[in-house]
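Heads up, the thing below is written out as structure tokens.
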Amino acid sequence: MSEHALISAQLRVGTGKGAARATRRAGLVPGVIYGHKLAPTLIGILPQTLVAQMRTPGFRTRLFDIDLGNGVIEHALCKDVQLHPVKDSPLHVDFVRVTKESLIHVKVPVHFVNQDKSTGLKRGGVLNVVMHDIDLICPPEEIPHSLDIDLAGMDIGDSVHVGTLPLPANIRFGNIDRTATVASIAPPTVVPAEKA
């Protein structure tokens, strides 16, 4: 199940670069909430609020309840954050509206468990991660925190493919090849030197 995070935002007026620069001068990160066949809502968010959320794991899969301060709360997912090329601070943020009836594409991170129980890793093999996240289509309230891959019993040469990952009933894979390799256990890259 997806987490909800409540953040506060201010409504802003004006579109274009000039209005965005004015919002930044006021100490806010300009943003927009769009989608669900409604007019876009222009917002400004405190930079520290946005950065704190960005640093929390699951930022791209977390549902946000955005309080606009006028009794209206928008439910949304973060679609994109533009960062300053040098400072790495947020310059603009895009949110997409969601409802309980929505079906959304989301990239969910892959986590590996039971590495200590992998025969191949114990023998010196190396976990070769090909895909760090998987594209899923699911209702917003059912976004998984991660897709956990169990490495117990896997040996050198074994691999995990997209189509073998178990998914809950209401979730399906997005536009992704089911035969694509998610990860494999490769042989050790350094061969021990023979004893003289």
Side-chain angles (χ1 to χ4, degrees), residues 1-9 29-68 72-84 88-114 127-151 159-184:
M1 296 291 282
S2 180
E3 296 177 359
H4 283 250
L6 178 65
I7 57 174
S8 296
V29 177
V32 63
I33 306 169
Y34 63 89
H36 206 58
K37 299 179 181 178
L38 297 174
T41 302
L42 302 175
I43 59 171
I45 300 176
L46 287 171
Q48 55 267 36
T49 299
L50 184 57
V51 169
Q53 291 296 333
M54 291 169 62
R55 290 180 178 166
T56 305
F59 174 64
R60 296 291 181 145
T61 59
R62 187 177 309 119
L63 285 174
F64 289 97
D65 296 330
I66 304 172
D67 186 352
L68 301 178
V72 175
I73 293 181
E74 293 266 20
H75 306 289
L77 276 170
C78 180
K79 195 68 173 174
D80 186 39
V81 179
Q82 296 170 18
L83 300 174
H84 190 282
D88 218 29
S89 55
L91 292 175
H92 192 277
V93 59
D94 291 347
F95 291 96
V96 61
R97 288 186 187 94
V98 295
T99 65
K100 291 182 179 179
E101 295 77 29
S102 300
L103 280 178
I104 55 171
H105 278 262
V106 63
K107 289 190 179 293
V108 175
V110 174
H111 289 166
F112 298 92
V113 297
N114 290 327
L127 179 61
N128 178 29
V129 180
V130 180
M131 301 175 76
H132 293 276
D133 48 47
I134 306 286
D135 185 33
L136 299 179
I137 300 173
C138 58
E141 297 289 342
E142 298 184 36
I143 301 171
H145 298 291
S146 64
L147 290 178
D148 294 336
I149 296 177
D150 191 352
L151 299 178
S159 58
V160 178
H161 300 279
V162 170
T164 63
L165 300 177
L167 293 179
N170 292 338
I171 300 176
R172 66 182 193 270
F173 293 111
N175 187 18
I176 187 171
D177 182 2
R178 307 301 191 272
T179 63
T181 301
V182 179
S184 61

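FYI, the numbering just counts along the sequence from 1.
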Open item on the list: Name the residue from Asp133, Thr61, Ile134, Asp135 that meets the side-chain contact (heavy atoms from CB on, under 4.5 Å) definition with Val108.
Closed with: Thr61
Open item on the list: Can you confirm whether Arg55 is buried at CZ, in the sense that more than 12 heavy atoms of other residues, nucleotides or ligands lie under 6.0 Å from that atom?
Closed with: no
Task: Pairing residues for Asp67 by the side-chain hydrogen bond (donor to acceptor under 3.5 Å, both in side chains) criterion, not counting sequence neighbours - done: none
Open item on the list: For Val98, is there any backbone N or O sitting under 3.5 Å from a side-chain donor or acceptor partner on His75?
Closed with: no
- [ ] Mind listing the closest non-hydrogen atom pair of Pro140 and Ser102 along with its distance?
- [x] CD-O, 3.2 Å
- [ ] Could you note down all residue pairs passing side-chain hydrogen bond (donor to acceptor under 3.5 Å, both in side chains) where residues 29-39 supplies at least one of them, sequence neighbours left out?
- [x] none
- [ ] Give, for atom CD of Glu142 and atom CG of Leu136, the distance between the pair rounded to the nearest 0.5 Å.
- [x] 12.0 Å
- [ ] Please check if the side chain of Arg172 supplies one atom and the backbone of Asn170 the other of a donor-acceptor pair under 3.5 Å.
- [x] no
Open item on the list: Measuring from atom CD1 of Ile137 to atom CD1 of Ile171, what distance do you get when rounded to the nearest 0.5 angstrom?
Closed with: 11.0 Å
Open item on the list: Using side-chain heavy atoms (C-beta onward) and a distance below 4.5 Å, is Val51 in contact with Pro90?
Closed with: yes
TODO: Could you grab the distance from atom CG of Leu83 to atom CE of Met54, nearest 0.5 Å is fine?
DONE: 5.0 Å
Task: Short side-chain to backbone donor-acceptor contact, Asp80 and Asp94, under 3.5 Å - done: no
- [ ] Output all residues satisfying ring pair (Phe, Tyr, Trp, His ring centres under 6.0 Å) with Phe173, sequence neighbours left out; order by chain, then residue number.
- [x] none
- [ ] Applying side-chain hydrogen bond (donor to acceptor under 3.5 Å, both in side chains), name anything that partners Arg97, two or more places apart in sequence or on another chain.
- [x] Thr41, Glu74
Task: Asn175 CG: over 12 foreign heavy atoms closer than 6.0 Å - done: no
Open item on the list: Minimum heavy-atom separation for Arg62 and Pro57, please, with both atom names.
Closed with: NH2-O, 2.6 Å
- [ ] Before giving the answer on side-chain contact (heavy atoms from CB on, under 4.5 Å), spell out for Leu147 and Leu167 the whole-Å C-alpha distance, their side-chain angles and the decisive distance to 0.1 Å.
- [x] CA-CA 8 Å; Leu147 290 178; Leu167 293 179; 3.9 Å; yes
- [ ] Grab the two heavy atoms, one from Leu127 and one from Leu151, that are nearest each other, plus how far apart they are.
- [x] CD2-CD1, 4.0 Å
Task: Heavy-atom side-chain proximity of Val110 to Val129 below 4.5 angstrom - done: no
Task: Interatomic distance, Leu77 atom CG to Ile33 atom CD1 [nearest 0.5 angstrom] - done: 11.5 Å
Open item on the list: With side-chain contact (heavy atoms from CB on, under 4.5 Å) as the test, pick out the partner of Phe112 among Asp150, Ile149, Val160.
Closed with: Ile149
- [ ] Evaluate the side-chain contact (heavy atoms from CB on, under 4.5 Å) criterion for residues Leu91 and His84: first the C-alpha distance (whole Å), next the side-chain angles of each, then the deciding distance (0.1 Å), finally the verdict.
- [x] CA-CA 6 Å; Leu91 292 175; His84 190 282; 4.1 Å; yes
- [ ] Might you point out which heavy atoms bring Val29 and Pro47 nearest each other, and give the distance in Å?
- [x] CG2-CA, 3.8 Å
Task: Atom pair CZ (Arg60) and CD (Gln53), whose distance is rounded to the nearest 0.5 Å - done: 13.0 Å
Open item on the list: Could you measure the distance from the SG atom of Cys138 to the CG atom of Leu103? Nearest 0.5 Å is fine.
Closed with: 8.0 Å
Task: With His111 via side-chain hydrogen bond (donor to acceptor under 3.5 Å, both in side chains) - residues at least two apart - done: Ser146
Task: Results of side chain to side chain contact (heavy atoms under 4.5 Å, CB included) for Leu42 - residues two or more places apart only - done: Arg12, Thr15, Val32
Task: Ser8 and Thr49: CA distance, side-chain angles, deciding distance, side-chain contact (heavy atoms from CB on, under 4.5 Å) verdict - done: CA-CA 8 Å; Ser8 296; Thr49 299; over 6 Å; no
